[in-house]
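What follows is one structure encoded as structure tokens, with my remarks underneath.
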Amino acid sequence: MESPEQPVPSGMPGVARVLFTFSEDLPDGEVVVPVLTKRGTVIAVRPGEMTPQLLQGLNEVAKILIGLGMWQPGDDGAEIAGEG
């Protein structure tokens with residue numbers, strides 16, 4: 001996963017598309033909630049919690065999941081609700 005300042009171009013083979021959104025509307029006690037969509041994964045993060053250490057940890061987990069084939073890129077032809 002990349003930081004919001006350096007997005008990964010969609011449609012690249014073997015690369016999962018990830019969008020970050022910041023929301024107070026997360027379950028109690030949760031800092032990060034992944035949401036799978038047709039175009040990829042949206043990572044909802046509680047505002048003020050996206051530290052460099054958290055981003056590094058998310059990147060490390062993503063590399064492992066992609067490497068094991070447990071996480072696939074989404075279908076770039078579909079729209080995410082609220083986009084467009």
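The model shown is predicted, which means the values in this text are computed figures rather than measured ones. The residues of the chain are indexed from 1 along the displayed sequence.
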For E30, which residues count as a side-chain hydrogen bond (donor to acceptor under 3.5 Å, both in side chains) partner, sequence neighbours excluded?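 Listed in chain order: nothing, the list is empty.
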Who pairs with P52 by side chain to side chain contact (heavy atoms under 4.5 Å, CB included), at least two apart in sequence or on another chain?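 Here no residue qualifies.
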Would you please name every residue forming a side chain to side chain contact (heavy atoms under 4.5 Å, CB included) with L36, sequence neighbours left out?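 By the side chain to side chain contact (heavy atoms under 4.5 Å, CB included) rule, L36 matches T41.
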Side chain to side chain contact (heavy atoms under 4.5 Å, CB included) between V32 and I43, worked out: CA-CA 7 Å; V32 176; I43 305 290; 3.5 Å; yes
Salt bridge (charged side-chain N to carboxylate O under 4.0 Å, His left out): which pairs involve residues 18-28, sequence neighbours left out?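 Only E24-R46 qualify under salt bridge (charged side-chain N to carboxylate O under 4.0 Å, His left out).
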Looking at every heavy atom in both S23 and P47, which two are closest together, and how far apart are they?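 Closest pair (atom of S23, atom of P47, distance): O-CD, 3.3 Å.
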